[in-house]
Amino acid sequence: MSEDERAPGGREAAVLAARRASLERLRAAGIEPFALDLRSALGVREPTPLASVRAAFAGLGPDVLTPERRTVAGRVVLARDLGRLRFLVLRDRTGDLQVVAGEDTARFGLLAEVDLGDIIGVTGRVGTTRRGELSVFAEAWAMLTKALRPLPEKWHGLRDPDLQQRRRYLHLITDETPRRHVLARAAVLKALRSVLDRQGYVEVEGPVLQPTAGGAMARPFTTFHHALGIELKLRISLELYLKRLLVGGLERVYEIGRNFRNEGIDRDHLPEFTMLEAYRAWVDYEAMMELSQTLVVEAARAVNGIVGRAPDDLVLPVRGREVDLTPPFERITVLGSVSEAVGEEVRLDRPDLAALAERHGVEVAPAWGPGKIVQELFEALVEPTIVRPTFVCDFPREVSPLARPHRDDPSLTEHFDLVAGGIELVTAFSELTDPIEQRERFELQQRLKEALGGQAHPLDEDFLRALEHGMPPAGGLGLGVDRLLMLLTDAPSLRDLVMFPAQRPASPPDQPVG
RNA sequence: GGGCCUCUAGCUCAAUUGGCAGAGCAACGGACUCUUAAUCCGCAGGUUCGGGGUUCGAGUCCCCGGGGGCCCA
């Protein structure tokens, strides 16, 4: 049942009825309130963007009427009725502009049927009012789309975060922030693709529906394919199929796509999120550091214009601090930074690791090995303190099942995370190519998962089979696009960067209790 | 999963110790030929998220449930 079937509150019903009545009056006057286009009424195919009018007539003094005629269109967001003179403010994707209607305006009387929220078109000469406001002085106008529901409060807009998400269209009409977020996402995606395309990577699309969801530790969403008669999972990472393409000889591949994880929702986690993963043959994780740096810097430059920063400004405000993205990024190691944080040397072979962790407020599960304990120490003590973009290198082998053992210390892996402003942006490896070791690592992960009471996924046998055919040495990275956007826009939550984040349905009116 | 906060008119918000549910915007009727959140006059609008309880009396206190936010796991 939709919320609109609720017994209507008196006022809302009256507002809706008034809009319907206005609609009928327009029809009675021979005006179609849902027009096909601007052509029939105004003789123009598309309106001039409001910002273009502003740009073309900037600097006009007050009380000027130019001979220049323009047709504009947009949503009416403000209306001031002075009797025989009427001011309307239109809003389109580029901005706002005032329209003035008076005795020279055709069908002036019917303008009384224009409500806040209606979409109209106006043709007239461009000029300024006595107070100097740039305006189109309406000669003709057209109702393009009648709005049957009112806009939110014209000054405060939609402040309720629940309604901002549920009715994002209203949020977009009344607040420029979500619009900037949409534009920032588009700019970042374009910048990421541009960097990779320039470097000869091929964009590919792997399967979203997978028989076994691999490449990460996360609970997947499950669905059922009726024709095939099998259960399928929504992917939790892009990794294993991209690596199959490396086996197949593609050498430089990337994918930008949605991953799905059936887990908790908070500021930094959404059930669906956008990942970039890129793989390149013949290189190691050093090359991925370079690539990460380029991707982050180019994305930052692409967003600067949208959020009002200078084009080359790489110093961003993030959660009340300044983050300087100027390369080269810093480098630290997991063991080195944890040692510094606890004030004594931390090694994977220390027998008292668990006690050490507990002393620093990290609760240790019995099934955890030394690698896991060190990783938890890192995430608790070091990661939140990292402000400058920093490559955190050489994670313990135990917690990094897809990365190659470190060339200098086989208890570690060639695995780095890029962290900036306390946000984890990138995970990258020198990829593990040894299929025998890969199987052992997967099996170890399964045992660990079971020991912790979780349900282990079956192994992706076809992936292991592909590795047995031989994957070239390669470096790979995964970049969280939403998190990168959070860093670049200083949005407080990932939910702000996704127009329609997953939500429970609004509480229905007649829901049975219990 | 746990803790804290929150939900009142279409929207933004008030409501003293538990004592007549209010304002602005939007709407509706009217005035106004230069407004800038226009102004002015008038009018109307409520399942106080849902259910139960305590009480002479509940928006307010208690219990159960729902939506949202923040923090923790």
Are Glu263(A) and His269(A) close enough that some pair of their side-chain heavy atoms sits under 4.5 Å apart? no

| query | Is there side-chain contact between Val303(A) and Val188(A), with heavy atoms separated by less than 4.5 Å? | reply | yes

Nearest-angstrom distance, [atom1] atom, [N] to [M]:
{"N": "G2(B)", "M": "U39(B)", "atom1": "P", "value": "49 Å"}
{"N": "U47(B)", "M": "G10(B)", "atom1": "P", "value": "7 Å"}
{"N": "U17(B)", "M": "C63(B)", "atom1": "C1'", "value": "23 Å"}
{"N": "A26(B)", "M": "A58(B)", "atom1": "C1'", "value": "31 Å"}
{"N": "C20(B)", "M": "G57(B)", "atom1": "C1'", "value": "12 Å"}
{"N": "C7(B)", "M": "G46(B)", "atom1": "C1'", "value": "15 Å"}
{"N": "G45(B)", "M": "C5(B)", "atom1": "P", "value": "36 Å"}
{"N": "C25(B)", "M": "G65(B)", "atom1": "P", "value": "41 Å"}

Given atom [atom1] of [X] and atom [atom2] of [N], what is their separation to the nearest angstrom?
{"X": "Trp155(A)", "N": "A38(B)", "atom1": "CH2", "atom2": "C1'", "result": "13 Å"}
{"X": "Glu153(A)", "N": "G10(B)", "atom1": "CD", "atom2": "C1'", "result": "11 Å"}
{"X": "Gln98(A)", "N": "U36(B)", "atom1": "CD", "atom2": "P", "result": "10 Å"}
{"X": "Arg159(A)", "N": "G10(B)", "atom1": "CZ", "atom2": "C1'", "result": "17 Å"}
{"X": "Asp115(A)", "N": "C28(B)", "atom1": "CG", "atom2": "C1'", "result": "11 Å"}
{"X": "Ile173(A)", "N": "A26(B)", "atom1": "CD1", "atom2": "P", "result": "17 Å"}
{"X": "His269(A)", "N": "A73(B)", "atom1": "NE2", "atom2": "P", "result": "12 Å"}
{"X": "Arg219(A)", "N": "G1(B)", "atom1": "CZ", "atom2": "P", "result": "10 Å"}

The salt bridge (Lys or Arg N to Asp or Glu O under 4.0 Å) partners of Arg359(A) (sequence neighbours excluded) come to Glu344(A)

The side chain to side chain donor-acceptor pair (under 3.5 Å) partners of His181(A) (sequence neighbours excluded) come to none

Which part of the nucleic acid, if any, lies within contact of Leu163(A), taking any heavy atom under 4.0 Å across all strands shown: a base, the sugar-phosphate backbone alone, or nothing? sugar-phosphate

At 4.0 Å (heavy atoms only), tell me whether Gly157(A) reaches a base, stays on the sugar-phosphate, or touches nothing.
sugar-phosphate

Distance-only polar pair, side chains of Gln164(A) and Asp496(A), donor-acceptor under 3.5 Å: no

Between the side chains of Glu139(A) and Thr123(A), is a donor N or O closer than 3.5 angstrom to an acceptor N or O? no

Which base, if any, makes a Watson-Crick or G-U wobble pair with [N], both distances under 3.5 Å?
{"N": "C70(B)", "result": "G3(B)"}
{"N": "A31(B)", "result": "U39(B)"}
{"N": "U54(B)", "result": "none"}
{"N": "G22(B)", "result": "C13(B)"}

Identify all pairs in which a protein N or O lies below 3.5 Å from an N or O of nucleotides 31-34 of chain B, and state each distance.
unit_1	atom_1	unit_2	atom_2	d
C32(B)	N3	Asp81(A)	O	3.2
C32(B)	N4	Asp81(A)	O	3.3
C32(B)	N4	Gly83(A)	N	3.3
U33(B)	OP1	Arg84(A)	NH2	3.3
U33(B)	O4	Glu103(A)	OE1	2.7
C34(B)	O2	Arg130(A)	N	2.9

Between [atom1] on residue [X] and [atom2] on residue [Y], distance to nearest 0.5 Å:
{"X": "Leu485(A)", "Y": "Ile423(A)", "atom1": "CG", "atom2": "CD1", "answer": "10.5 Å"}
{"X": "Asp92(A)", "Y": "Leu50(A)", "atom1": "CG", "atom2": "CG", "answer": "3.5 Å"}
{"X": "Leu276(A)", "Y": "Leu484(A)", "atom1": "CG", "atom2": "CG", "answer": "9.5 Å"}

Output yes when [X] and [Y] qualify as a salt bridge under the 4.0 Å nitrogen-oxygen rule, no when they do not.
{"X": "Arg125(A)", "Y": "Glu68(A)", "result": "no"}
{"X": "Glu24(A)", "Y": "Arg20(A)", "result": "no"}
{"X": "Asp417(A)", "Y": "Arg483(A)", "result": "no"}

List every contact pair, protein side and nucleotides 68-71 of chain B side both N or O, where the distance is under 3.5 Å.
unit_1	atom_1	unit_2	atom_2	d
G68(B)	OP1	Arg504(A)	N	3.2
G68(B)	OP2	Arg504(A)	NH1	3.2
G69(B)	OP1	Gln165(A)	NE2	3.0
G69(B)	OP1	Arg495(A)	NE	3.2
C70(B)	OP2	Arg495(A)	NH2	2.5

Nucleotide by nucleotide, nucleotides 2-7 of chain B touches protein heavy atoms under 4.0 Å in the pattern (B base, S sugar-phosphate only, - none) ------

**Message:** Below the 4.0 Å mark, does A26(B) have OP1 or OP2 next to a side-chain nitrogen or oxygen of Lys154(A)?
**Reply:** yes

- OP1 or OP2 of U39(B) less than 4.0 angstrom from a side-chain nitrogen or oxygen of Arg80(A), does that happen here? no

When Glu133(A) and Pro150(A) are each assigned the nearest nucleotide of RNA chain B, the 5'-most assignment goes to Pro150(A)

Sorted by position of nearest nucleotide on RNA chain B, 5' first, the leading residue of Leu158(A) and Leu78(A) is Leu158(A)

query: So Phe378(A) and Phe395(A), would you call those rings parallel, tilted or perpendicular, with 30° and 60° as cut-offs?
result: perpendicular

So the side-chain hydrogen bond (donor to acceptor under 3.5 Å, both in side chains) pairs with at least one residue in residues 50-65 of chain A (sequence neighbours excluded) are none

